[in-house]
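Worksheet: the structure to be examined is printed underneath.
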There are 2 protein chains.
Amino acid sequence: MTSREQTTKNIPLLLIGCGGVGRQLLQHIVSCRSIHDKQKLHLRVVGICDSKTLLVPLDVFTMELDDAFLLEVCQAKLKGSSLLTLSNSGQHKVFSNPESMGKIIDIAALVPRSTGLAVIDCSASSDTTGVLTRVVELGCCVVMANKKPLSSSMEDYEKLLACPRRIRHESTVGAGLPVIASLNRMLSSGDLVHRIVGSLSGTLGFVMSEVEDGKPFSQVVRSAKNLGYTEPDPRDDLSGMDVARKALILARLLGRRIVLNDIKVESLYPEEMGPSTMSIASFLENGLPLLDKGIQERVEKASSNGNVLRYVCLIDDLRCEVGIQELPKNTPLGRLRGSDNVLEISSRCYNQQPLVIQGAGAGNDTTAAGVLADVFDVQDLFH
Amino acid sequence: MTSREQTTKNIPLLLIGCGGVGRQLLQHIVSCRSIHDKQKLHLRVVGICDSKTLLVPLDVFTMELDDAFLLEVCQAKLKGSSLLTLSNSGQHKVFSNPESMGKIIDIAALVPRSTGLAVIDCSASSDTTGVLTRVVELGCCVVMANKKPLSSSMEDYEKLLACPRRIRHESTVGAGLPVIASLNRMLSSGDLVHRIVGSLSGTLGFVMSEVEDGKPFSQVVRSAKNLGYTEPDPRDDLSGMDVARKALILARLLGRRIVLNDIKVESLYPEEMGPSTMSIASFLENGLPLLDKGIQERVEKASSNGNVLRYVCLIDDLRCEVGIQELPKNTPLGRLRGSDNVLEISSRCYNQQPLVIQGAGAGNDTTAAGVLADVFDVQDLFH
């Protein structure tokens with residue numbers, strides 16, 4: 001064994017975003033200490049940033065935010081407190097907006113020369129794109145659960161991805177499901193991908209399998225909302241824009257130089273029921289029931305062909321689109337029930353039958369686990 | 001961008017084993033040149049070794065076996081020629097057994113100090129374990145499609161895996177299917193795996209789904225042999241030992257300290273029909289038909305319970321076994337048809353429904369693609 005393996009590798013981490021995924025990530029980091037110790041890996045958290053405040057140890061180069069403090073952050077953020085309230089002890093330095101993003105770049109500019117830095121984006125903001133791009137230029141690694149920086153303009157995307165080995169984003173598609181890792185393995189070994197079809201929204205997966213059973217669309221959407229499966233405004237799911245962002249990320253991975261606007265997206269509600277003209281309550285009560293008949297007719301038509309309807313993303317040589325497709329019952333997508341995600345990938349190696357990856361594609365636990373696996377995976381870039 | 005990204009990374013490769021997978025790997029390396037160029041990666045083949053001969057360029061530190069020669073090797077080996085016949089041009093150095101393995105260690109001892117070396121084992125030999133262990137100690141990376149070095153004693157296994165980041169072996173289980181990569185992601189992020197059930201033999205998958213349709217076992221095994229699905233002696237598949245090796249690799253990945261003998265293996269033929277007492281012809285003609293009734297009864301019993309039979313590996317907290325299991329029809333494993341592999345992984349994150357990975361789990365193309373993806377993945381360990 002060479003000396004390189006005998007010492008513990010130290011990876012400084014800076015977390016942007018303290019919502020459900022960010023908090024869960026901090027908890028995972030703490031609970032994985034013994035696993036990572038065995039692997040001679042230490043994740044040293046040197047900064048946490050919410051939408052207002054960046055909090056760092058007194059000396060970011062030698063100190064870290066300890067585990068007790070990380071768990072305290074989780075508790076406080078869960079209760080809705082700001083990071084500012086945690087900074088009274090004199091044990092940390094605090095930077096408030098608009099200073100905080102500039103400070104992250106300062107840290108990135110100084111830290112990596114010795115040890116490297118991993119910046120983790122668990123926010124849902126499009127404002128982080130500039131910071132992430134800059135820290136990559138400075139030699140840092142970036143791990144994202146945030147889809148926004150990957151769905152901006154082609155120019156921004158190519159700048160951000162200039163050093164692809166230092167960028168990981170498994171949890172942007174299908175939460176922790178090994179979708180991006182598997183696609184990257186295929187692409188790096190020259191396996192030509194012909195077609196991707198996937199159900200990448202647990203919410204819409206649930207809705208489509210429930211209407212298949214004959215339940216009215218309006219009733220199914222309302223139950224989904226009551227079960228906590230939808231966003232506060234269910235139209236954020238029904239618009240298909242979240243799936244479209246995932247489709248864009250997959251298409252760009254395959255080398256397509258397209259933007260969000262190039263994707264044909266089918267919304268499950270008409271424009272006149274949009275948020276600018278109808279309140280959430282009015283949409284649920286008055287809007288939704290008007291859509292029942294149309295959906296029911298499509299379900300019945302598909303069924304008479306022996307098929308089912310699924311809300312999918314479909315990427316092949318000609319198309320990159322998101323919407324309802326009529327699919328054979330007897331396929332992994334056709335058999336899908338409930339809120340699991342499924343991806344079918346057809347390629348040179350997987351030509352007679354597709355490669356299928358299926359499982360829970362949502363939830364803070366699995367999303368944060370995907371982020372942590374990405375961090376583990378970039379460790380060889382740190383010295 | 002730092003200067004590190006501007007120069008092409010050079011990975012010296014030494015291939016052990018020139019059978020179907022090894023030859024396909026050489027072809028993939030050549031056909032992926034433009035993909036790897038774009039990623040600033042150059043795979044420099046500095047040695048090829050078959051069971052008798054090691055062939056290297058005149059100067060292993062500065063030269064490489066060029067693409068035309070690699071393709072020539074593929075052609076020659078396909079025709080059954082030895083590497084020796086290719087070494088007449090005076091362009092290469094040749095080392096014959098028993099010298100060749102020692103020479104690999106010599107190269108490994110000298111090369112990695114500057115650039116690192118990846119040793120690829122595409123053989124099916126258990127004799128490579130010592131060499132692989134030694135080159136890892138010397139700082140090299142090892143990528144295996146060969147299961148044997150991972151299914152030896154615990155002591156050998158732990159020595160070989162002493163530096164886990166430098167060992168990859170995706171193609172030892174399910175060919176190129178992203179099984180090991182996905183499991184490693186789960187383990188490194190602290191997702192506790194409760195249970196793995198998988199159909200990991202395309203041959204036995206085919207056999208079990210055909211007998212489910214009412215065809216006699218003997219007839220199905222004979223067709224599988226005629227279709228080229230089985231080993232020359234089908235008992236090599238029917239014994240379950242190949243699946244047992246895969247189960248051992250998965251169980252050890254989960255931290256089990258067990259050996260091949262600890263795995264309960266169900267053979268699909270009785271001991272008295274073994275290769276030491278019955279010829280292949282006699283087994284096919286006289287032995288196999290005696291097994292039809294037993295299998296048919298089990299199929300019918302399962303069917304009367306609404307279930308199907310699958311030949312699976314099953315690993316949970318209590319068991320690590322390989323054999324026929326009665327499984328519900330309405331699961332990914334129960335629905336499996338033909339020769340695809342399926343793996344269901346249940347864990348903390350995938351608790352209500354398992355994570356499912358499904359697709360072609362055999363074939364030189366996908367197996368070699370899995371090896372190449374592993375090589376691509378260790379690139380960050382090279383300078």
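Naming convention: chains lettered A, B, ... in sequence-line order (proteins, then strands); numbering from 1 in each chain. Owing to the predicted nature of the structure, the values given are computational and were not obtained by experimental measurement.
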Heavy-atom closest contact (P178(A) atom, S182(B) atom, distance): CG-OG, 3.2 Å
Which heavy atom of C349(B) sits nearest to which heavy atom of A360(A), and what is that distance? O-CB, 4.3 Å
Member of Q379(B), R166(B), R165(B) meeting the side-chain hydrogen bond (donor to acceptor under 3.5 Å, both in side chains) criterion with D380(A): R165(B)
For chain A, which candidate among E170(B), E344(B), H28(B) shows the most heavy-atom pairs at distances under 4.5 Å? E170(B)
Other residues, nucleotides and ligands only: do more than 12 of their heavy atoms fall within 6.0 Å of CG on D37(A)? yes
Among R335(A), M186(A), Q39(A), who wins on heavy-atom pairs under 4.5 Å with chain B? R335(A)
Less than 4.5 Å to any heavy atom of chain B: does that hold for the side chain of A181(A), its backbone, both, or neither? side chain
Beyond-backbone contact of L355(B) with Q358(A), side-chain heavy atoms, under 4.5 angstrom: no
Ignoring hydrogens and geometry, is there a side-chain-to-backbone donor-acceptor pair from Y350(B) to T366(A) under 3.5 Å? no
The interface call for D340(A) against chain B, heavy-atom contacts under 4.5 Å, is side chain
Given that the side chain runs from C-beta out, which part of D377(A) has a heavy atom under 4.5 Å from chain B: side chain, backbone, both or neither? both
Which region of I35(A), side chain (C-beta onward) or backbone (N, CA, C, O), has a non-hydrogen atom less than 4.5 Å from a non-hydrogen atom of chain B, or is it both or neither? side chain
Name the region of D374(B), side chain, backbone, both or neither, that has any atom closer than 4.5 Å to a heavy atom of chain A. both
Is the backbone N or O of G370(B) less than 3.5 Å from a side-chain atom of R185(A), with the two atoms forming a donor-acceptor pair by type? yes
Side chain, backbone, both or neither: which part of S31(B) has a non-hydrogen atom closer than 4.5 Å to chain A? neither
Against chain B, label L187(A) side chain, backbone, both or neither, depending on which of its atoms sit under 4.5 Å from a heavy atom there. backbone
Please look at P164(A) and chain B and tell me whether the side chain, the backbone, both or neither of the residue comes under 4.5 angstrom of a heavy atom of that chain. side chain
When you measure from the side chain of H36(B) to the backbone N and O of S189(A), does any donor-acceptor pair fall under 3.5 Å? no
Between S188(A), G359(A), G190(A), P354(A), which shows the greatest number of heavy-atom pairs under 4.5 Å with chain B? S188(A)
Which atoms of N184(A) come close to chain B, meaning under 4.5 Å heavy atom to heavy atom: side chain ones, backbone ones, both, or neither? neither
Side-chain heavy atoms of I357(A) within contact of V356(B), under 4.5 Å: no
